[in-house]
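Report on the structure given below.
Order of the sequence lines fixes the chain letters, A, B, ..., with proteins taken first and strands second; residue numbering starts at 1 for each chain. Any value given below was found using the heavy atoms of this structure, including those in side chains, with hydrogens, waters and symmetry copies removed.
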Amino acid sequence: MTLVAATGSRRVLRRLLRHRTGVVGLVLAAALVLVALAAPLLAPADPAAVDFDHVLGQPSPTALLGTDELGRDQLSRVFFGVRASVFVGVVSVLLALVVAVPLGLVAGYYRGAVDAVVSRVTDTLLAFPFLVLAVGLAAVLGASMLNAAIAIGVSQVPNLIRVVRGEALRLATEEYVAASVAAGARGGTVLFRHVLPNSINALLVQVTVAIPQAIIGEALLSFLGLGVQPPTPSLGVMLSAAQTYFAQAPWLVVFPGLTIVLATLGFNLLGDGLRDALDPKGSR
Amino acid sequence: MTELLSFTDLRVRFHTEQGTTDAVRGATFGVAPGEILAVVGESGSGKSVTAMSALGLLPPTAEVTGDVALRGTSLLEMSARELRRVRGRKIAMIFQEPMTSLNPVFTIGWQLVEAIRLHTDTTAAAARERAVELLDLVGVPEPRRRVRQYPHQLSGGQRQRVMIAMALACEPEVLIADEPTTALDVTVQAEILALLRDLRERLGMAILLITHDMGVVADIADRVVVLYRGEVVEQAEVDRLFRAPAHDYTERLLAAVPRLRVRQAEPESTAEPVLHVEDLVMSYGGHRAVDGVSLHVGRGEVLALVGESGSGKSTVGRCVARLVEPTAGRIVLDGRDVTHLSARRLRPLRRGIGIVFQDPGSSLNPRLTIGDSIAEPLRLHRVARGRELAARVDALLDAVELGSATRRRFPHELSGGQRQRVSIARALALEPQLLIADEPTSALDVSVQDAVLRLFQDLQRRLNFSCLFISHDLAVVDLLARRVAVLHRGRIVEQGERADVLGDPQHPYTRRLLAAAPVPDPVRQRERREAAASGS
Amino acid sequence: MRRGYAVNRVLQSLVTLVLVSVVVFAGLRALPGDPAVALAGPEADDIAIAQIRHAYGLDRPIPVQYATWVGRALRGDFGDSANTGLPVGEIILTRLPVTLELAVLSLLFAALVGLTSGVLAAARRGGLLDWLGNGLSLFGLSIPNFWLGLMCVLVFAVGLGALPSSGYVPFTESPLGNLEHLVLPAFVLGSGLAAVLMRQMRSSMLDSLTSDYVRTARAKGASEARVVGVHGLRNSLITVLTILGLQLGLLISGAVVTEQIFVLPGFGKLMVDAVFTRDYPVIQAAVLVTATGYIVVNLLVDLLYSVVDPRIRVRGGAA
Amino acid sequence: PLVDVDRTAARVRSSVQAPTVRGGEAVIALDQEPDRLDPTLGTTLAGRQVFGSMCEKLYDVDEHSRVVPQLAAAMPRVSPDGRELTIPLRRGVRFNDGTPFDAAAVKKSLDRHRELPGSQRRTELKAVRSVEVVDPDTVRLRLSEPYSPLPSLLADRAGMIMSPARLDELGEHFSDAPVCVGPFSFVERVAQDRIVLRRSEFYYDRDRVKLDRLVYRAVPDDNIRMANLRSGEFDVAWKVGTPDVPIASREKGIVVLNQPSVQYMGITVNIGNVDGRPGRVPGPLAADSRVRQAFSLAIDRRTLNRIAFNGLYRTACGPIPPNSEFATPKTQECPPHDVAGARRLLAEAGVRTPLHVDLTLQNSVSALRVGQVVQAMAAEAGFDVALHPTEATAEIAAGKKGRFQTMLIGWSGRPDPDGNISGIQTLGGAQNYSGYSTPETDALIKQAAAEADPARRRELYERIVEQLQQRNNVVYLYREQYYTAHTSDIAGVAVFPDGIMRMKTAGHLATGS
Ligand SMILES: Nc1ncnc2c1ncn2[C@@H]1O[C@H](COP(=O)(O)OP(=O)(O)OP(=O)(O)O)[C@@H](O)[C@H]1O
Ligand SMILES: Nc1ncnc2c1ncn2[C@@H]1O[C@H](COP(=O)(O)OP(=O)(O)OP(=O)(O)O)[C@@H](O)[C@H]1O
Ligand SMILES: [Mg+2]
Ligand SMILES: [Mg+2]
């Protein structure tokens with residue numbers, strides 16, 4: 001987190017806490033993370049415990065969010081679903097960042113041969129649709145939540161590379177970059193202290209939109225057998241399973257769906273808040 | 001006297017992280033039709049902020065009270081629509097920093113045409129013609145080629161003149177010019193001042209001229225307002241002000257004005273050259289910006305590089321710092337050929353080179369605090385860390401007359417002059433062997449400039465560093481430099497000991513340059529001007 | 001120098017294509033699920049499988065298979081679909097226009113909605129428009145395409161009967177019919193992209209709007225619309241352009257779900273079906289087509305970068 | 001519950017008849033893209049649906065799963081030793097390109113089925129040693145051994161006869177423009193989009209054919225298929241998802257047909273399949289039949305059907321479907337749901353519980369649902385089942401290679417019991433994924449196939465099923481039921497137990513309303 005260090009983490013936090021929607025985002029995101037961590041404590045029932053006598057039960061005092069097609073408690077499943085989805089969402093994006101940011105920066109800043117190599121490899125990766133990539137990775141890596149995160153992360157890498165590269169191309173022409181070079185900064189310093197912080201806004205947007213995409217993408221991977229292993233739920237898996245019962249039990253769609261919306265909302269609002277908190281010109 | 005534009009008890013306060021800053025504290029003054037009012041004052045005294053408040057261009061962090069009125073109509077209470085009709089048409093503004101104030105992605109022709117067509121029903125073609133005309137008017141050479149160029153392809157002075165042309169596009173009633181000649185050499189400056197004078201005469205334009213150059217004040221102003229720490233401390237006719245300054249600060253200000261008086265030659269220096277440039281050529285797409293420049297700077301020596309705006313001074317500086325790779329020629333640093341050295345090999349050498357960029361605004365990372373920007377070179381070369389680092393940063397800030405409170409601020413929260421001083425502090429942080437200073441005092445008022453120059457001399461004596469000093473202020477050159485090189489259209493036309501070049505100029509351009517340097521004395525300046533007018 | 005750049009890029013593109021073809025060729029063969037088994041169907045016996053393996057040359061070494069394939073491909077022959085027996089080249093040529101049309105329409109929709117709402121949201125930061133734009137975009141981000149599509153079918157086709165629920169009519173056959181069939185798919189496919197564009201546009205725009213040149217534009221007396229729509233926009237385009245370029249490619253291959261819902265005979269569906277049936281000839285050719293698409297689009301984007309931001313054009317090496 | 005599902009499932013309805021008019025077209029939605037339209041090479045059920053309208057066979061099955069003549073004029077005459085089948089052909093029949101249909105054409109097609117490299121029919125016809133033209137209206141099949149299931153196999157793709165003219169013209173590429181005898185003839189195929197057929201002028205029974213055109217489209221998603229049926233875009237939708245059946249059945253404007261199938265789904269246990277060859281698989285599940293029996297006892301098939309399929313499928317405990325003429329009470333017998341018994345068996349076998357079991361299954365929503373129910377039920381008896389969703393082709397590859405411990409997989413079913421048993425349960429069977437067989441059972445299976453007398457065969461199959469149930473290398477779970485929907489604007493669409501929609505007599509209703 002060079003960035004936060006560069007601008008003073010305490011200052012950023014203070015500003016974030018004063019940002020109205022940012023706080024809402026922070027609270028939502030924190031709540032999700034908390035639910036993810038504490039799912040076993042919070043869940044009123046075992047998310048895998050079936051009850052074949054009470055399938056597709058409507059929300060009721062005993063099962064607050066109803067029960068699913070196997071009679072499992074939907075509330076508990078949502079809690080555990082958050083756990084899987086948030087994990088995949090956050091980890092995949094982090095992974096993608098770790099790979100894409102350095103490559104994109106280097107390609108955009110140095111251009112020339114490095115750029116050619118990075119960009120062509122990116123093109124190659126992009127040529128494989130997510131599904132093809134996912135099936136391949138599923139085959140190579142085997143099934144686990146972490147592997148799902150890796151597969152999604154890999155598929156997000158080329159996008160992020162191109163976004164970061166575009167920013168680096170633009171920012172490399174700035175005079176303060178020249179100033180830093182003139183002061184004897186190494187490429188890494190220039191990139192991480194000057195170029196990256198100034199492309200943070202574009203990056204934040206990409207990251208915050210990537211999280212819901214990862215959550216939805218995970219459903220597909222789980223379906224292919226790469227993601228969470230049933231009966232462990234994830235929000236995406238719950239949503240795709242509920243599709244069949246849409247007419248009979250709409251609540252099976254509504255609650256996981258709403259939770260995804262909340263996650264999207266939370267991370268995006270947090271992103272907005274961070275953006276403003278990190279922006280020295282921010283007025284609020 | 002009816003005032004065209006009047007400021008009444010104007011107060012501007014900025015709400016920032018570090019609390020509130022009172023930038024302007026109850027300023028009251030006005031400018032009459034056809035009047036040229038100079039606003040002078042210490043760097044950071046609120047000049048630019050005052051000017052910008054008139055057109056409602058302050059950032060949202062600013063809280064403005066009091067009133068600014070155009071012909072008695074309050075500008076602060078105007079609706080966005082009404083204000084838009086005033087902007088550019090009735091009141092035009094030239095911003096202090098031309099580098100960042102031009103849109104980087106449009107050609108300057110486009111930007112001029114826009115300024116013209118926003119308020120008049122000119123056809124696109126006619127507007128284009130007019131744009132060329134305007135560029136010509138402000139003395140930009142080859143205007144037809146220039147209209148197709150982008151801001152980054154112009155020199156600092158050229159950009160500044162584009163800003164001027166843009167402001168004049170609609171012949172406004174009031175022109176607010178914030179340091180309009182900082183990047184211009186004196187010959188061009190003289191032309192611009194003549195142009196302003198002419199506009200005033202022809203159109204009765206009122207001009208509010210913010211400047212720190214007392215020579216310019218003496219040359220053109222009718223009246224002067226002196227701002228000090230956000231307050232108007234003195235208002236007077238120009239002659240009276242120079243003759244009998246009433247306020248303490250004004251007195252100090254005038255006393256600090258450097259005067260060009262060509263001091264005696266110093267003993268010939270025999271120091272070995274630290275920097276040696278041979279036949280340097282830099283061409284941009286066929287256009288030779290620098291065309292066979294050779295020069296050398298000895299140890300402990302200050303070489304002043306003067307010359308017309310756009311003559312290639314900054315380009316020479318950039319080449320020497322190896323920020324661009326020259327098209328041809330050789331650059332030898334401390335006996336080492338660095339012309340084609342790789343970035344990695346160059347890096348250790350960079351420690352010994354400090355650079356002050358011509359445009360302080362864009363050379364500071366907007367996301368780093370001032371303290372971090374200044375500390376960067378120290379961190380990079382692991383010179384200091386932790387508390388020691390903080391102490392050194394504070395000392396540097398202090399040396400350039402900025403309080404240590406500035407440390408936590410961001411570049412956009414500073415005034416132009418303050419940013420320039422940050423840039424100087426950063427360049428000096430490593431106590432370099434060679435300093436490349438590109439117009440380092442252009443945005444400084446004379447009192448601060450005085451302090452900075454003294455610091456320079458001080459450091460130079462102490463550290464015996466060499467300096468490539470790019471400037472258009474001949475008085476400053478006279479004060480600092482041992483030798484002077486005169487650049488004209490990419491070539492060195494004259495080079496030698498300061499006393500020789502300034503005292504006995506050989507090349508016609510040098511002579512013109514010296515003749516054009518304004519004298520900070522309104523009476524004498526008027527005489528010189530009249531003499532020149534009758535002479536030509 | 002520009003021409004040199006272009007030539008260089010074309011050469012690079014060829015290398016990329018070779019790279020892609022090798023990766024897809026080798027990668028496919030590394031997938032579990034023997035293609036011969038897949039081709040033979042679930043109930044075939046071993047002899048049939050062996051015969052199929054032989055018939056498709058799958059028993060030969062991979063490099064030989066690759067060489068044969070490349071040799072034919074260079075002559076424009078991509079073989080026959082292993083699944084349906086139809087010529088691959090022909091299949092792709094009939095599928096591609098559908099998806100291209102869908103992609104272009106949804107891109108138009110997304111650009112129109114996403115960019116304008118992004119610009120408006122930035123211009124009216126914190127205002128009603130900002131809230132509205134953000135709300136819609138978050139909705140667009142978090143609702144899976146599948147659901148949106150299904151809802152659209154249920155509401156507009158089944159419920160209101162206003163639009164057809166499936167199928168495709170070529171433009172040349174009936175322009176109106178063509179549009180009718182693509183309105184919903186384009187909306188569904190474009191909604192996610194619109195949301196991403198909106199967020200990115202808003203963010204870049206907010207950056208531009210605090211800059212000095214925007215202040216200059218205001219000082220000139222430019223209307224707020226002009227300040228935002230011309231000065232701000234142009235400076236925000238770099239990032240947005242990147243996203244647009246990426247998405248155009250994504251749209252082509254990512255149209256699977258939409259094509260599935262609206263029963264469009266598109267390229268995305270072709271590719272996915274091919275993956276699941278291990279229809280090698282089709283996958284190989286299809287991936288090559290997407291790769292070419294990306295290469296072209298990214299080349300355009302790179303060239304546009306320097307048009308949009310002239311500084312990128314002339315920058316010397318950062319020594 | 002909107003509808004009594006048990007009653008719905010039991011109420012077989014193969015077609016709805018009403019007066020119809022000539023003309024018009026029907027759009028038929030399949031759940032899968034048909035593969036090659038070549039009877040010799042085709043493998044998919046979707047492909048068979050299309051053949052159903054354009055390629056008639058020597059024999060057909062009727063709604064009671066009985067084999068009846070189609071292009072043949074009568075049931076085959078079998079020689080006393082059972083090694084010769086003489087088939088009289090229908091006269092005055094033409095292919096849809098006008099070529100006359102005769103014994104030579106039949107021989108050409110049957111030989112192609114037997115010999116074309118990559119033929120999918122080779123196994124089905126492997127008992128046939130030669131095909132002879134007796135006279136233009138008669139063919140004779142010589143068999144290597146008596147093989148009773150043959151006529152039932154000739155009631156499917158193996159019995160489809162292709163136009164010899166077209167075969168000469170296109171050879172291997174017959175699927176580019178297939179021509180057979182059938183009520184409809186092939187017009188065009190736009191890959192991944194549609195297959196269009198047209199009413200044939202040459203068809204011998206054309207007077208009963210009402211529709212002018214058929215358009216087949218593939219729509220894999222159940223919901224989308226139904227939505228398009230509801231919006232009027234489609235006329236017929238193959239396979240209504242079980243959750244939707246109760247709703248669609250009550251819906252005005254929609255007719256739901258219901259036909260039990262001959263297929264089954266079960267859990268195959270890998271007992272001796274190591275890399276596709278016989279070998280030793282470790283673990284108590286492979287080693288001890290008591291453990292497998294415990295697994296079978298642990299599963300409550302009725303509840304499984306209720307939970308996973310709304311009770312709309314049928315439980316299955318053996319390979320022979322109840323609608324088969326060889327079904328007897330004994331072959332339909334089911335083990336009880338007996339958790340206590342299962343625990344006891346595990347204890348007897350000395351297994352430490354929970355016993356970990358890996359279950360490979362296809363990554364479809366319904367398979368996953370079944371898997372999770374099984375997981376929960378087996379857990380009660382002491383099995384810890386881990387699910388491994390796998391993509392379909394990879395699953396089959398894993399099955400063939402023995403790379404699984406247990407696998408949820410089924411068999412599409414044949415009208416004759418032998419087709420559901422021999423390939424799966426005998427040594428070297430192409431689908432013997434469990435890698436298990438015993439010489440005694442193999443012999444019995446062979447004997448049953450050779451037996452001509454139905455009563456004797458029934459007896460033999462009772463014994464076979466009993467043995468299979470003891471082996472439990474395949475734990476049979478349930479049998480699908482085909483639910484087909486069409487709009488109430490048409491009538492005459494018929495679905496028989498072979499799962500093929502017959503469009504021959506389908507047409508739009510006579511009255512406007
Ligand atoms: N990146 C560039 N592309 C094209 N032309 C350029 C570029 N940079 C500078 N030039 C041209 O080179 C010439 C010299 O520019 P330079 O900035 O060195 O002038 P200067 O002497 O520093 O002028 P000033 O005093 O106005 O700053 C100018 O005519 C300018 O237009
Ligand atoms: N956006 C801002 N936020 C906070 N403080 C600001 C901001 N802009 C200006 N200031 C402060 O207001 C004071 C006046 O600034 P202003 O730019 O008017 O100075 P100036 O008189 O123009 O100086 P100079 O001659 O150096 O340009 C300075 O102390 C500066 O630090
Ligand atoms: Mg200022
Ligand atoms: Mg310069």
Checklist entry - How about B:Arg345: does its CZ atom have over 12 heavy atoms from other parts shown lying under 6.0 Å from it? => result no

Checklist entry - Which value, rounded to the nearest 0.5 Å, describes the distance between B:Phe106 atom CZ and C:Asn235 atom CG? => result 7.0 Å

Next on the checklist: Is it the case that atom CZ in C:Phe139 sees more than 12 heavy atoms from other parts of the structure closer than 6.0 Å?
Outcome noted: no

Next on the checklist: What's the separation between atom CZ in C:Arg234 and atom CG in B:Asn103, rounded to the nearest 0.5 Å?
Outcome noted: 8.5 Å

Checklist entry - For chain B, which residues from residues 202-215 of chain C lie under 4.5 Å away (heavy-atom distances)? => result C:Asp212, C:Tyr213, C:Arg215

Item to check | Which atoms of B:Ala115 approach chain C - backbone, side chain, both or neither, heavy atom under 4.5 Å | outcome: both

Item to check | Contacting region of B:Leu102 [heavy-atom separation from chain C under 4.5 Å] | outcome: backbone

Checklist entry - Which heavy atom in B:Pro104 sits nearest to a heavy atom in C:Pro310, and how many Å separate them? => result O-CG, 3.4 Å

Item to check | Spacing of CZ belonging to B:Arg84 relative to CD belonging to C:Glu224, to within rounding of 0.5 Å | outcome: 8.5 Å

Next on the checklist: So, taking the atom named CZ in B:Arg117 and the one named NZ in C:Lys220, what distance separates them when rounded to the nearest 0.5 Å?
Outcome noted: 12.5 Å

Checklist entry - Any idea which heavy atoms bring B:Glu114 and C:Ala222 closest together, and the distance? => result OE2-CB, 4.5 Å

Next on the checklist: What I'd like to find out is whether the side chain of B:Met166 reaches to under 4.5 Å of the side chain of C:Thr216, using heavy atoms alone.
Outcome noted: yes

